[in-house]
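Shown next, in structure tokens, is the structure this report addresses.
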Amino acid sequence: MDVPRPVTASIHYALTPTARGKGIMTKACAAVIGYVFGDYPLNRIEITPDVANPKSCAIPERLGFAREGILRQMVSYGDFFGDIAVYSLLRSEWEAASRQQVADRAREGAGGDLRSGAAAR
């Protein structure tokens, strides 16, 4: 019997208030996604933002992650507990998005290496 091996990476983030709203975290996550799927034999990446922060939840949505559900009272904020959402992106979804971007860039006459993370939807 084969021993199961981990196939999932998790991305967790926090950003100082003065840096928010500039696309920094979306770009950083896209770069990490490209690196992970480009260089490691993993099949899944998860992002788990606080459900009370819609801008944080928008990052995985913007990158093409599927929302899988809510983990209730998963984090503590001192005197209260918060819920987190679970989002995932599978290697097959990332690869399909990469192929689509190559086709789109070819139609536009642009080049570029999708391994930079830009392949994440």
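No path of Ile, Leu, Val, Met, Phe, Trp and Tyr side chains, each step under 4.5 Å between heavy atoms, connects Leu15 with Tyr77, placing them in separate hydrophobic clusters. No single ILVMFWY cluster, assembled from side-chain heavy atoms under 4.5 Å apart, contains both Val51 and Tyr87. Residues Val75 and Ile11 are members of separate hydrophobic clusters, defined by side-chain heavy-atom contacts under 4.5 angstrom among Ile, Leu, Val, Met, Phe, Trp and Tyr.
Summarising the geometry, atom CG belonging to Leu42 is positioned 7.5 Å from atom CZ belonging to Arg5; distances are rounded to the nearest 0.5 Å. Between the OG1 atom of Thr8 and the CG atom of Asn43 there is a distance of 7.5 Å, given to the nearest 0.5 Å.
More than 12 heavy atoms of other shown residues, nucleotides or ligands fall within 6.0 angstrom of atom OH in Tyr13.
Smallest separation of non-hydrogen atoms from Ala30 and Leu63: CB-CD2, 4.0 Å. Closest approach of Thr26 to Arg62, counting heavy atoms only: OG1-NH1, 2.6 Å. In this structure, Glu68 and Ser88 approach most closely via the heavy-atom pair OE2-OG, 2.6 Å. Of all non-hydrogen atoms in Ile24 and Ala19, the two that sit nearest each other are CD1-O, 3.6 Å. Residues Pro60 and Cys57 come closest through the heavy atom pair CD-O, 3.2 Å. Ser10 and His12 make their closest contact through CB-NE2, 3.5 Å (heavy atoms, listed as atom of the first residue, atom of the second, distance).
None of Gln73, Arg67, Met74 except one satisfies the side-chain contact (heavy atoms from CB on, under 4.5 Å) rule with Ile70; the exception is Arg67.
Residues Trp94 and Val36 fail the side-chain proximity criterion, which asks for heavy atoms closer than 4.5 Å. Looking at Phe65 and Ile45, their side chains come closer than 4.5 Å, going by heavy atoms from C-beta outward. A 4.5 Å side-chain heavy-atom check between Phe37 and Leu89 finds at least one atom pair inside the cut-off. When side chains are defined from C-beta on, Ile47 counts as touching Pro49, because their heavy atoms get closer than 4.5 Å.
A donor-acceptor pair is defined here as one N or O able to donate and one able to accept, closer than 3.5 Å; no such pair exists between the side chain of Arg44 and the backbone of Val7.
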